[in-house]
There are 2 protein chains.
Amino acid sequence: MSATIKDIAEAAGVSAATVSRVLANKEGFYSQATATRVRKIAVSLDYEKNTSAVELVTRKSRVIGVIISATKTNFSDKIIEGIHAEAIRHGLSVIMLYAGQNDPQLQEQALRTLIERAVKGILVVAIQLADENLALLQASQIPYRFLSTSYNSNKLPSIASDDYQIGYQATQHLIERGHHKIGLVAMDTSGHIGQQRVAGYKAAMIQAALSIEDDWIKEGMYTYEDGVRAMQTFGRQPEVTAIIGASDLAAIGVLNQAMQYGIQVPKQLAIISIDGTYLARIVRPQLTTVTQAFYEMGTLGTQMLLDQTQQTVSQFTPIKIETRQST
Amino acid sequence: MSATIKDIAEAAGVSAATVSRVLANKEGFYSQATATRVRKIAVSLDYEKNTSAVELVTRKSRVIGVIISATKTNFSDKIIEGIHAEAIRHGLSVIMLYAGQNDPQLQEQALRTLIERAVKGILVVAIQLADENLALLQASQIPYRFLSTSYNSNKLPSIASDDYQIGYQATQHLIERGHHKIGLVAMDTSGHIGQQRVAGYKAAMIQAALSIEDDWIKEGMYTYEDGVRAMQTFGRQPEVTAIIGASDLAAIGVLNQAMQYGIQVPKQLAIISIDGTYLARIVRPQLTTVTQAFYEMGTLGTQMLLDQTQQTVSQFTPIKIETRQST
DNA sequence: CTGAAAGCGCTTACAG
DNA sequence: CTGAAAGCGCTTACAG
């Protein structure tokens, strides 16, 4: 249908090889005159390079693959933005596939698609891979990296926040403001992230010689509803005077339910949330947050994926406390 | 590096053609025995099909391309979710490219990447293409469709809401609640969407024999900040008693600034917003919205892209008013 | 049921 | 500076 290199060659009276070289801007292989002629004809023929053919013959692709969770956390947007920005800088395309948070079969399907495509690298965003899929990924020889997911073992290359520090600093912030009874809400403690944050929380409490009640910690999956439910469990007369929300949305759930109960924030209940997306700024009172550097996770992750020498190194992106109206 | 069809053929003692047929599940071309043997060897060799080669020879790809705005509106998430869901149903991959809202060069780059890849179809989400890029897209012969963008001419295939109706119904809702002075905030009237909504707004006002002041309409680009600024212009003693926000975020901007002024919502000022994403439900008071069917835009758009007979038809997805606490 | 052969559109040593 | 030729990994009429 569309024009090929051969059509151009014919029209220009040169070989396909020369056309290929001109179009790929290989230096020193042709005269200025040929180049101009070839380029002009290419344009006039509406020529578009066939990427499949190029990838087949060069055996490498200009694509990086991203696997993200279908039940998207609202922070993944920023990570993806970062990935795209960095990809564009390198002239790469991004192919994105959704996979369920805990659906090994969907994960496998997504992985295979990327492997068949022989992508340049694979970024796994906020998803914990099933063991067999991790093995599949590793067997593929394709460079990969986890973003915003850390594993128990540090052997897997990742870019994420230091979740222990997140838990610790959030708690510390509250303790400094005089709170002794601090709740922790909507964290999934079956995963490494949740465990680390709880560990950080406990460390800060113990260091301040504060005791911890088991039911100050309400588990969840980081959702808005988990926040609401947790606050309902605390009730109208919560024992705690401050709460750490596992995500901005969870914290907003806590906030709304607290307001529903007529509890004043921050006067009667302080709230700090983890993530620091724009949501924290559009609610009232605005939420104090432990802000993560999501955009940087995306850019840095992409860079390190492309850098052969860095392939196995894991790294933390910085976090910071942003004090607003809720503490 | 990795195993090819030839390696399998050799190991199985059959031809590459047979392997190809088995692996593609072509019926009636081989004995059950051969098939099982070939499949087993394929697995043991960690065989992964080379998509480039397949696409090159079959001259069609299993990929659909999506171009979205880099300055993402928060509703595009839902559209993209819909696209992915439908793509997975059809065994297709999705390649996503960001392009600036008004950067013709980035648009062209994104388009060319997709065209070179000979994708099966192109979905343009919430972006207005520059004329020359539209021409490029059309010349490519690749099926395409605009999502959540309607053009002046109805000649371009799109899936979107009826923006005239959005403007009309939002206004109508307010009028029914006794409002006579109604503001319209953060709409970009340089685009078709904004123009249609304003037209719907005016029609409803005129039909109710209400007059319209020019400065009840505050332009903007649908952002949170536009909402805040608009409310600042209305001031502490706004002439209007109700405001239509061009997006959920814009409406939240209005809401927050109004609360800042000590204006009570909805008692002193009613607010209705357009979009109806989850944001409307997590703020207090919850926002009444004209809710758009974004997820359906994604699924329907993808379906129609794949359906040859429907390629030129444009369609509206339904809208509905969801009454909450702000009106 | 199976295979030999041609070909998809491109790149790149190799030889001039 | 330029071209002929081989080859990337697969699919698919065609002939048996």
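Any value given below was found using the heavy atoms of this structure, including those in side chains, with hydrogens, waters and symmetry copies removed. Convention: sequence-line order gives letters A, B, ...; per-chain numbering from 1. A quick note: this is a predicted structure, and the numbers were derived from the prediction, not measured.
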Length of the line joining B:E10:CD and C:dA4:P, which is rounded to integer Å: 13 Å

D:dT12 phosphate, OP1 or OP2, under 4.0 Å from B:K26 side-chain N/O: yes

How close or far is atom P of C:dC10 from atom CG of B:L56, stated in whole angstroms? 9 Å

Note: contacts of residues 16-25 of chain B with DNA chain D (heavy atom, under 4.0 Å) are B:A17, B:S20, B:R21

Expressed in whole Å, how much space separates the C1' atoms belonging to C:dG16 and C:dT12? 16 Å

Rounded off to whole Å, could you give me the NZ-to-P distance for the A:K6 and D:dG3 pair? 15 Å

Can you name the salt bridge (charged side-chain N to carboxylate O under 4.0 Å, His left out) partners of A:D275, sequence neighbours left out? none

Starting at the 5' end of DNA chain C and moving along, which residue's nearest nucleotide shows up first, A:I5 or B:S15? B:S15

With sequence neighbours left out, what residues match A:S44 under side chain to side chain donor-acceptor pair (under 3.5 Å)? none

Closest non-hydrogen atoms of B:Y47 and B:L23, given as atom of the first, atom of the second and distance, are CE2-CD2, 3.6 Å

Atom-pair distance (CZ on A:R62; C1' on C:dC10), nearest Å: 16 Å

Tell me, which of residues 30-53 of chain B have any heavy atom that sits under 4.0 Å from an atom in DNA chain D? B:Y47, B:K49, B:N50, B:A53

Rounding to an integer number of Å, can you tell me how far B:E116 CD sits from C:dC10 C1'? 12 Å

For A:E132, which residues count as a side chain to side chain contact (heavy atoms under 4.5 Å, CB included) partner, sequence neighbours excluded? A:P104, A:A130

Taking side chain to side chain contact (heavy atoms under 4.5 Å, CB included) as the definition, give me every residue that meets it alongside A:D46, ordered by chain and number, with sequence neighbours left out. none

Between P of D:dC10 and CZ of A:R117, the distance in whole Å: 14 Å

Would you mind writing out the side-chain donor-acceptor pairs for residues 293-300 of chain B within the sub-3.5 Å range, not counting sequence neighbours?
from: B:T299; atom 1: OG1; to: B:E296; atom 2: O; distance (Å): 3.2

Using the test salt bridge (charged side-chain N to carboxylate O under 4.0 Å, His left out), find all partners of B:K78 that sit at least two apart in sequence or belong to another chain. B:E81

Please enumerate all residues that pass side chain to side chain contact (heavy atoms under 4.5 Å, CB included) together with A:E55, with sequence neighbours excluded. A:T51, A:S61, A:V63, B:S52, B:R117

Evaluation steps, salt bridge (charged side-chain N to carboxylate O under 4.0 Å, His left out), between B:E10 and B:K6: CA-CA 6 Å; B:E10 207 161 313; B:K6 261 167 94 179; over 6 Å; no

Tell me the interatomic distance from B:F29, atom CZ, to D:dA15, atom P, rounded to whole angstroms. 15 Å

Kindly write out the residues that satisfy side chain to side chain contact (heavy atoms under 4.5 Å, CB included) with B:S190, not counting sequence neighbours, or none if the list is empty. B:D188

Give the dot-bracket line for DNA chain C from 5' end to 3' end: parentheses for intra-strand Watson-Crick or G-U pairs under 3.5 Å, square brackets for crossings, | for inter-strand pairing, dots for unpaired. |||.||||||||.|||

Contacts of A:E86 meeting salt bridge (charged side-chain N to carboxylate O under 4.0 Å, His left out) (sequence neighbours excluded), chain-then-number -> A:R89

